[in-house]
There are 2 protein chains.
Amino acid sequence: MPRTSAAVPRPRRITAAQVAELAGTSVATVSLVVNDKTAGRVSTANIERVRAAVDELGYVVDHTASSLARGTSNIVILIAPDLSNPFYGRVISGIKDELGSEFQLLLSITGEGRNPSAADVHRLIALRPAGILVEAPDDAFLRDLPAGAPLVLLDAPGRETQAVTVNFDLAHGINALLDHLAERGHTRIGYLDSRTRTETFELRRILVETGAAARGMEYVSRPEAASLIDPDAAAEAFLEHWPAWRESGVTALVCATDSHAYGVLKAARDLGVRVPEDLAVTGFDNLPASAIVSPALTTVELPGEALGRGAVRALQAQRLSPEPVTAPLLGATLIVRGSTA
Amino acid sequence: MPRTSAAVPRPRRITAAQVAELAGTSVATVSLVVNDKTAGRVSTANIERVRAAVDELGYVVDHTASSLARGTSNIVILIAPDLSNPFYGRVISGIKDELGSEFQLLLSITGEGRNPSAADVHRLIALRPAGILVEAPDDAFLRDLPAGAPLVLLDAPGRETQAVTVNFDLAHGINALLDHLAERGHTRIGYLDSRTRTETFELRRILVETGAAARGMEYVSRPEAASLIDPDAAAEAFLEHWPAWRESGVTALVCATDSHAYGVLKAARDLGVRVPEDLAVTGFDNLPASAIVSPALTTVELPGEALGRGAVRALQAQRLSPEPVTAPLLGATLIVRGSTA
DNA sequence: GTGTTATCGTAAAGCGCTTGACGTAATAAA
DNA sequence: TTTATTACGTCAAGCGCTTTACGATAACAC
């Protein structure tokens with residue numbers, strides 16, 4: 001969008017001065033009242049008068065002027081790689097809930113597997129955000145980021161030392177998943193990784209690998225599929241690797257996300273591989289479609305809403321105290337469906 | 001999030017004054033240079049000097065102060081009911097692309113079928129947005145909205161008189177769909193509506209109804225299913241209505257969205273209804289999962305990215321000229337897959 | 001009565017930037 | 001040479017709000 005001057009005239013805005021005039025007070029008093037800082041500074045009579053004037057005129061504090069004066073805006077920034085995966089919808093929903101109506105959520109979408117450029121980061125900081133939430137941060141990004149605003153990382157296990165981080169209890173979920181597979185008699189399991197190399201996927205892979213070993217199962221291989229959004233890439237990866245997997249006796253395939261698992265289900269169908277008889281398939285996330293696909297997908301549910309809420313709470317904790325905040329792990333629970341039954 | 005005072009100290013910000021000092025000019029000149037308003041006001045020598053100083057200090061114009069002085073921010077607001085449907089991810093992606101890096105996107109999520117309250121609208125206007133994009137606006141919302149910023153409605157056919165609106169060419173897509181169904185010999189078609197009563201769904205229903213009649217087909221009924229997000233509601237609606245549909249000889253079921261169609265596919269499977277042999281099923285949107293479900297879903301693709309792009313372009317057209325802008329209809333194309341084959 | 005404390009109000013100094021008005025010098029036109 | 005024009009720069013007045021510092025008044029104790 002070009003940054004041309006507007007041809008549309010702006011309407012007159014109702015200012016604190018008008019409210020003050022109507023209420024018969026000063027603008028300072030109006031400010032104190034609308035910001036609830038009246039303790040021992042404004043009489044109840046004046047509070048009432050200002051409130052009445054505010055209602056009558058429909059006055060709303062100008063966010064821009066207020067931000068300039070206070071030195072910080074009421075905007076919270078979410079930096080996320082991509083929104084096409086419905087998982088992020090849940091995260092955003094949780095964030096919004098916890099933010100309440102006082103704060104606004106601004107989105108910085110960077111494209112899958114990427115982080116904002118240094119220039120982008122500067123533009124974001126120029127907003128004087130009340131906080132910054134980051135999904136899948138990379139090192140360069142964290143380095144570029146000036147200490148301009150409270151920062152919280154989402155689903156970035158291993159980065160706890162760099163910033164406050166809110167994580168899922170992946171170990172718990174993956175242990176449940178592997179127990180379930182072991183119980184069903186699987187001894188050789190494959191893993192289909194995501195190509196986006198973020199901490200969460202790194203950890204999922206490692207936990208599956210070590211967990212399998214701990215149960216005396218064989219962990220077979222780790223091809224990567226490109227996309228969290230488009231299952232087709234996973235389908236391709238499956239088509240490519242299935243011969244080798246079958247050869248080595250793989251009977252269960254753990255996928256890095258539900259979306260990847262969808263691609264596998266499709267490719268398996270095309271190939272005549274029966275799920276779960278020939279191959280058990282599992283995912284992560286528990287997207288809505290996972291109950292619909294055929295067979296329905298066994299998956300580790302990751303509570304996206306809770307992630308969003310937790311992130312905002314961590315932000316708020318940071319604002320209240322400068323001491324390092326530790327966020328509790330969020331439950332990751334196994335959901336068993338037809339794809340492993 | 002409570003609006004408590006921050007405990008975190010803010011770092012000193014680099015101001016235009018520092019740049020001016022380093023460059024040996026006034027802040028006015030700095031402002032002119034960074035905003036590219038140098039024509040006939042600043043010598044090339046000074047432009048260079050300022051640029052160098054900007055680079056050296058890493059100066060970025062403070063968005064808040066700039067917005068206050070200009071009377072408008074660089075924030076574009078998207079008001080959307082829900083983000084869990086991946087369709088919106090595509091819309092947002094299109095918006096971001098077209099906005100470029102100068103403008104920021106702020107999200108106001110309101111919950112399915114709802115619009116922001118008057119108080120919310122005021123808070124949004126207080127941001128002095130450069131523009132407002134609205135998915136699924138309702139009358140009350142449009143009434144509350146002060147003429148504070150350029151407004152564009154997305155996928156709201158019939159509201160063209162109230163504001164600039166960007167729409168899909170639903171008639172084209174639905175005609176293609178009905179032609180396809182007629183060709184396959186279907187003479188009685190059912191319709192599964194969405195419970196959210198927005199213009200786009202109203203129009204889909206009417207076009208299917210009138211289009212069926214025009215082709216000598218019988219349009220059978222119109223139960224509603226609650227959710228665009230969760231296919232389960234559609235599954236329930238199908239379970240409830242299938243006996244009546246079968247009775248009246250319905251052989252094809254058009255669903256208001258892909259998500260609804262997923263629910264139908266699942267319920268049909270549970271019921272032993274074969275798709276497409278006993279019943280053809282179609283949707284709208286062409287979500288990624290539609291190629292994955294079994295059978296793959298015939299659907300009318302609605303280009304979400306184009307919708308986002310178009311909306312931003314309409315916004316920008318409004319900013320440039322006060323005359324009413326008309327946006328072209330965006331193609332809606334039929335995608336034939338197994339669910340009708 | 002005086003001194004003390006608590007309560008309440010407001011003036012005014014910013015926050016950092018944009019922009020119209022104005023001044024000056026250099027160049028062109030008369 | 002005088003006058004008009006053009007090119008550059010800067011001043012300073014905001015934009016609308018927050019908050020500190022200060023004064024005024026009232027209440028209270030002694």
Side-chain angles (χ1 to χ4, degrees), chain A residues 3-6 10-21 23-50 54 57 59-74 122-123 125-128 130 148, chain B residues 3-6 10-21 23-50 54 57 59-74 122-123 125-128 130 148:
Chain A
R3 199 176 159 174
T4 334
S5 58
R10 295 316 176 103
R12 268 290 13 86
R13 180 176 296 283
I14 291 159
T15 69
Q18 296 173 48
V19 176
E21 164 131 48
T25 67
S26 69
V27 296
T29 302
V30 172
S31 175
L32 292 173
V33 171
V34 297
N35 290 305
D36 268 332
K37 296 189 175 157
T38 53
R41 319 267 284 104
V42 186
S43 63
T44 40
N46 262 356
I47 294 179
E48 286 314 312
R49 251 182 239 117
V50 171
V54 165
L57 296 176
Y59 171 71
V60 179
V61 177
D62 184 87
H63 178 261
T64 307
S66 167
S67 299
L68 181 58
R70 284 180 301 133
T72 174
S73 75
N74 282 347
H122 280 129
R123 270 189 282 263
I125 295 296
L127 293 166
R128 302 166 174 250
Chain B
R3 198 175 160 176
T4 333
S5 58
R10 295 312 176 105
R12 266 288 18 83
R13 178 177 297 282
I14 290 157
T15 69
Q18 297 174 47
V19 176
E21 164 131 48
T25 67
S26 69
V27 295
T29 300
V30 172
S31 175
L32 292 173
V33 171
V34 296
N35 289 304
D36 267 332
K37 297 192 173 150
T38 52
R41 317 269 280 109
V42 186
S43 64
T44 40
N46 262 356
I47 293 179
E48 288 314 314
R49 249 181 242 118
V50 171
V54 165
L57 297 176
Y59 171 71
V60 178
V61 178
D62 183 86
H63 178 261
T64 306
S66 168
S67 298
L68 182 58
R70 285 179 302 132
T72 176
S73 75
N74 283 346
H122 280 127
R123 271 188 282 262
I125 295 297
L127 293 166
R128 300 167 174 252

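Chain letters run A, B, ... following the sequence lines, proteins first and then strands; every chain starts at 1.
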Self-check item: Worked check of side chain to side chain contact (heavy atoms under 4.5 Å, CB included) between B:Arg128 and B:Leu68
Solution: CA-CA 9 Å; B:Arg128 300 167 174 252; B:Leu68 182 58; 4.2 Å; yes
Exercise. For the residue pair A:Asn46 and A:Val33, establish whether any side-chain heavy-atom pair is separated by less than 4.5 Å.
Key: no
Practice problem: Rounded off to whole Å, could you give me the CG-to-P distance for the A:Leu127 and C:dC17 pair? | Solution: 14 Å
Self-check item: Interface with DNA chain D, restricted to residues 23-33 of chain B and to heavy atoms under 4.0 Å
Solution: B:Thr25, B:Ser26, B:Ala28, B:Thr29
Practice problem: Nearest 0.5 Å please: distance from the CZ atom of B:Arg70 over to the NE2 atom of B:His63. | Solution: 6.5 Å
Quiz item: In Å, rounded to the nearest 0.5 Å, how long is the span from CG of B:Asp62 to CD1 of A:Ile125?
Solution: 11.5 Å
Practice problem: May I ask you to verify if any side-chain N or O of B:Ser43 is less than 4.0 angstrom from the OP1 or OP2 atom of D:dA7? | Solution: no
Quiz item: Atom OG of B:Ser26 and atom CG of B:Leu32: how far apart are they, to the nearest 0.5 Å?
Solution: 7.5 Å
Quiz item: 5'-most contact on DNA chain D: B:Ala65 or B:Ala45, nearest heavy atom basis?
Solution: B:Ala45
Quiz prompt | Length of the CZ-C1' vector between A:Arg70 and C:dG14, whole Å | solution = 15 Å
Quiz item: Can you name the closest pair of heavy atoms from A:Ala17 and A:Val27 and give their distance?
Solution: CA-CG1, 3.5 Å
Exercise. Supply the atom-to-atom distance B:Thr38 OG1 to B:Asp36 CG, rounded to the nearest 0.5 angstrom.
Key: 6.0 Å
Practice problem: Identify the heavy atoms of A:Val34 and A:Tyr59 that sit nearest to each other, and give their distance. | Solution: CG1-CE2, 4.2 Å
Atom pairs, N/O to N/O, protein against nucleotides 21-25 of chain C, distance under 3.5 Å?
residue: C:dA21; atom: N6; partner: B:Arg41; partner atom: NH2; Å: 3.3

Quiz item: When the distance from CG of A:Leu68 to C1' of C:dT18 is rounded to whole Å, what number comes out?
Solution: 12 Å
Quiz item: What is the distance from atom OG of A:Ser67 to atom CG of B:Leu127, rounded to the nearest 0.5 Å?
Solution: 8.0 Å
Exercise. Working to the nearest 0.5 Å, report the span between OG1 of A:Thr15 and CG of A:Leu57.
Key: 9.0 Å
Exercise. Select one nucleotide: of C:dG16, D:dG16, D:dT18, the one nearest the side-chain heavy atoms of B:Arg13.
Key: C:dG16
Self-check item: Protein-nucleotide distance (B:Asp62, atom CG; D:dC15, atom C1'), rounded to Å
Solution: 13 Å
Self-check item: Integer-rounded Å distance: C:dC8 P and A:Arg49 CZ
Solution: 13 Å
Quiz item: Which atom names give the shortest non-hydrogen contact between A:Ser73 and A:Ala130, and what distance separates them?
Solution: O-CB, 3.4 Å
Practice problem: Measure the distance from CG on B:Leu57 to C1' on C:dG16 and round it to the nearest whole Å. | Solution: 15 Å
Practice problem: Calculate the interatomic distance between A:Asp36 atom CG and D:dT19 atom P; express it in whole Å. | Solution: 13 Å
Quiz item: Can you tell me if the side-chain N/O atoms of A:Asn35 get under 4.0 Å from OP1 or OP2 in D:dT18?
Solution: yes
Practice problem: Just report the end-to-end axis angle for the helix from C:dG1-D:dC30 to C:dA30-D:dT1, five pairs per end, to 10 degrees. | Solution: 50°
Quiz item: Which whole-number value in Å describes the distance from A:Ile14 CD1 to D:dC17 P?
Solution: 10 Å
Quiz item: Are OP1 or OP2 of C:dT18 and a side-chain N or O of B:Lys37 less than 4.0 angstrom apart?
Solution: no
